[in-house]
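So that the names make sense, note that chain A is the first sequence line, chain B the second, and so on, each numbered from 1.
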Amino acid sequence: MDDDTGTLPQKGDFSAWYNDILWRAEIMDVRYPVKGLYVWYPYGFAIRKHVYAQLRNLLDRDHEETLFPLLIPEQEFMKEAEHIKGFEDEVYWVTHGGRTPLEVKLALRPTSETAIYPMYALWLRSHADLPMKYYQIVNTFRYETKQTRPLIRLREITSFMESHTVHATWDEAEAQVEYELALTCEFYDAFCIPIIISKRPDWDKFPGADYTMAVDAIMPNGKTLQIGTVHHLGEHFSKTFSITFEDKNGEHKYASQTCYGISERCIAALISMHGDDKGLILPPISAPLQAVIVPITIGKRHEDVLAAAEKLKTDLTAAGFRVKIDTRDMRPGAKYYWWELRGVPLRLELGPRDLDAGKVMAVRRTGEKTQIELASVTDEVTRVLREITGAIRARAEEHTKSHLCTVASMDALDAALNEEKVAVVSWCQQKGCADVIEEKTNASILGTNARSQYVSETQGACIVCGKPGKATLVGRTY
RNA sequence: GGGGUAGUAGGGUAGCCUGGUCCAUCCUAGAGCGUUUGGGACGCUUUGACGGCGGUUCGAAUCCGCCCUACCCCA
């Protein structure tokens, strides 16, 4: 393959690859003239639609979807002290209605606790109302001061799923945290994205939470991307917002709460984890088009081939697949590259030769090329798409496994990080030792209590002070 | 938070210091016509820009001011 034909940067240059593929594959347009705000192209939005449909399916098992306002009055926003401290530098304020200054400033939600919880206080009366499990998928605004990146660090998060649950006891809320972590695992597994769950250190938890469980994925360059969080809020917010209920004995008690969030970073992970030098690779469940039919129309067989392609499309569509025929006036080769860039999992090439043989050429985005019988095409496509999903998952797992290692000294940690790996070290859980680790390695403590099939819980001596420590993830982060 | 560099058509560049053109230029970019079509075809025709607002000037992509945006470095 000629070097000068591929214009997409190699995936090894991940940052350039990522920026380039977003517009080449028509996912996001970064040219909107406000910093940190980006535009979804229709193709990108179609991917989003399928990803979020899956998220809704999972949540709808036992949550209910709702919708709260974008604007939050200042006095509500300012109620919970820790929460304010965490967000006040990043809040956009609406100060005017037309030309009239507002008496009460209105915050554009950076997250919705302070919009939702005053209403929860009104809605919750009795233990019979519990548990309450609601979620919404909305945009949120944060005035990011660090460098913004499409889908990753945004001033308008366009697709923030936030779940807010209320429970009678702290233990029930804790069980809910576990349940939502399990949902997250299932969600990411559907898109073949390996994740690592860990408990964030205290200084990195959500402002106003008892503790934060975070979900990270390892990007191609070894940096981690936080793609989900579940927070146990304890009674911080219920005390502030008077979210109380009458228990069976008639006593008034504060509720215990959780919140849980996933944003369009999940799509950044989807793109980054699976794509290659040729472009996107979309797991079939997320692909706007699961198969594209490229008719090879030569000479007088035009009509025969097109008719056969139409029938093939009709059969596959009836079987529930998302399929399109590419009838554009382009050479077939150009179409192949076009759809490979956009990550379509399966290409079906249908020409006169195939037609005579009663077959169609099936080319997988993951590499293999086989002939399948037209007579049993829906069964074959079902099987092939399942195998493609399996191949994508295996590749992602291999990548994640190869970017993780366990080390026992600062030097080894530094070396591992420079090899673009995430490391597991023993750490005594003292802030002082964490500062030493973070400063010397220019990396971050991700968390403890790691849960991953790739990381084993180990006990050992803290790599800084030598006291007994716990297995802790350290990595460079986005 | 502090500092630096930059913004020219769909994308990429030159021009700017030293203000003055009828056509600036390159492309896997756009539009049109024709010949093509089993892994990125070719010919011809053609469109299109100086980030925004204001200032200086007979005249501004070029000089000045403010703003917006992007990228890089340092905390």
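Nucleotide B:C71 holds its P atom 12 Å from the OH atom of A:Tyr18, rounded to whole Å.
Projected onto RNA chain B by closest heavy-atom contact, A:Lys369 and A:Gly36 fall at different nucleotides, the more 5' of which corresponds to A:Lys369. Each of A:Trp23 and A:Val34 lies near RNA chain B, and the nucleotide nearest A:Trp23 is the one positioned closer to the 5' end.
Partner assigned to B:G39 is none, using Watson-Crick or G-U wobble distances below 3.5 angstrom. Under the Watson-Crick and G-U wobble criteria, each requiring two contacts below 3.5 Å, nucleotide B:U5 is paired to B:A70. Remark: B:G48 base-pairs with no nucleotide in the shown strands. Criterion, Watson-Crick or G-U wobble with two distances under 3.5 Å. Look at B:A14: it lacks any Watson-Crick or wobble partner with both distances under 3.5 angstrom. Within the shown strands, B:G55 is the pairing partner of B:C63 under the Watson-Crick or G-U definition, both distances less than 3.5 Å. Within the shown strands, nothing qualifies as a pairing partner of B:U21 under the Watson-Crick or G-U definition with both distances less than 3.5 Å. Of the nucleotides present, none pairs with B:A75 by Watson-Crick or G-U wobble criteria with both distances under 3.5 Å.
No side-chain donor-acceptor contact under 3.5 Å links A:Thr158 and A:Tyr38. A:Thr212 and A:His231 are linked by a side-chain donor-acceptor pair at a separation below 3.5 angstrom, with hydrogens and angles left out of the test.
Counting non-hydrogen atoms of other residues, nucleotides and ligands closer than 6.0 Å to OH of A:Tyr143 gives a total of 12 or fewer. Other residues, nucleotides and ligands contribute over 12 non-hydrogen atoms within 6.0 Å of the NZ atom of A:Lys35.
By the 6.0 Å and 45° rule, A:Arg109 does not stack over the aromatic ring of A:Phe141.
For the OP1/OP2 pair of B:G11 and a distance below 4.0 Å, the side-chain nitrogens and oxygens of A:Arg24 include no atom meeting the criterion. Residue A:Lys35 places at least one side-chain N or O closer than 4.0 Å to OP1 or OP2 of B:A70. Between A:Arg331 and the phosphate of B:G38, there is a side-chain N or O to OP1/OP2 separation shorter than 4.0 Å.
Ring-base stacking between A:Tyr337 and B:G40 is satisfied, the centre separation being under 5.5 Å and the plane angle under 30°.
Side chain A:Glu340 to base B:G40: no donor-acceptor pair is found below 3.5 Å. The base of B:G51 lies outside donor-acceptor range of the side chain of A:Arg31, with no N or O pair under 3.5 Å.
Separating the C1' atom of B:C44 from that of B:C63 is a span of 44 Å, rounded to the nearest Å. The same atom, C1', is picked in B:C16 and in B:A61; the two are 7 Å apart, to the nearest Å. Nucleotides B:U18 and B:U62 have their P atoms positioned 14 Å apart, rounded to a whole Å. With C1' as the reference atom, B:A31 and B:U21 are 29 Å apart, rounded to whole Å. For B:A49 and B:G4, the P atoms lie 34 Å apart once the distance is rounded to whole Å.
Here the side chain of A:Val363 is nearest to one of B:G39, B:C72, B:U37, namely B:G39. Of the candidates B:G38, B:A70, B:G39, the closest approach to any side-chain atom of A:Thr148 belongs to B:A70. Checked against B:G38, B:G40, B:A70, the side chain of A:Met361 finds its nearest nucleotide in B:G38.
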If you apply the rule side-chain hydrogen bond (donor to acceptor under 3.5 Å, both in side chains), what do you find for A:Thr111 with A:Glu113, and how did you get there? CA-CA 6 Å; A:Thr111 174; A:Glu113 285 72 17; 2.7 Å; yes

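Residue contacts for A:Arg328: at a heavy-atom cut-off of 4.0 Å it reaches no nucleic acid atom on any strand shown.
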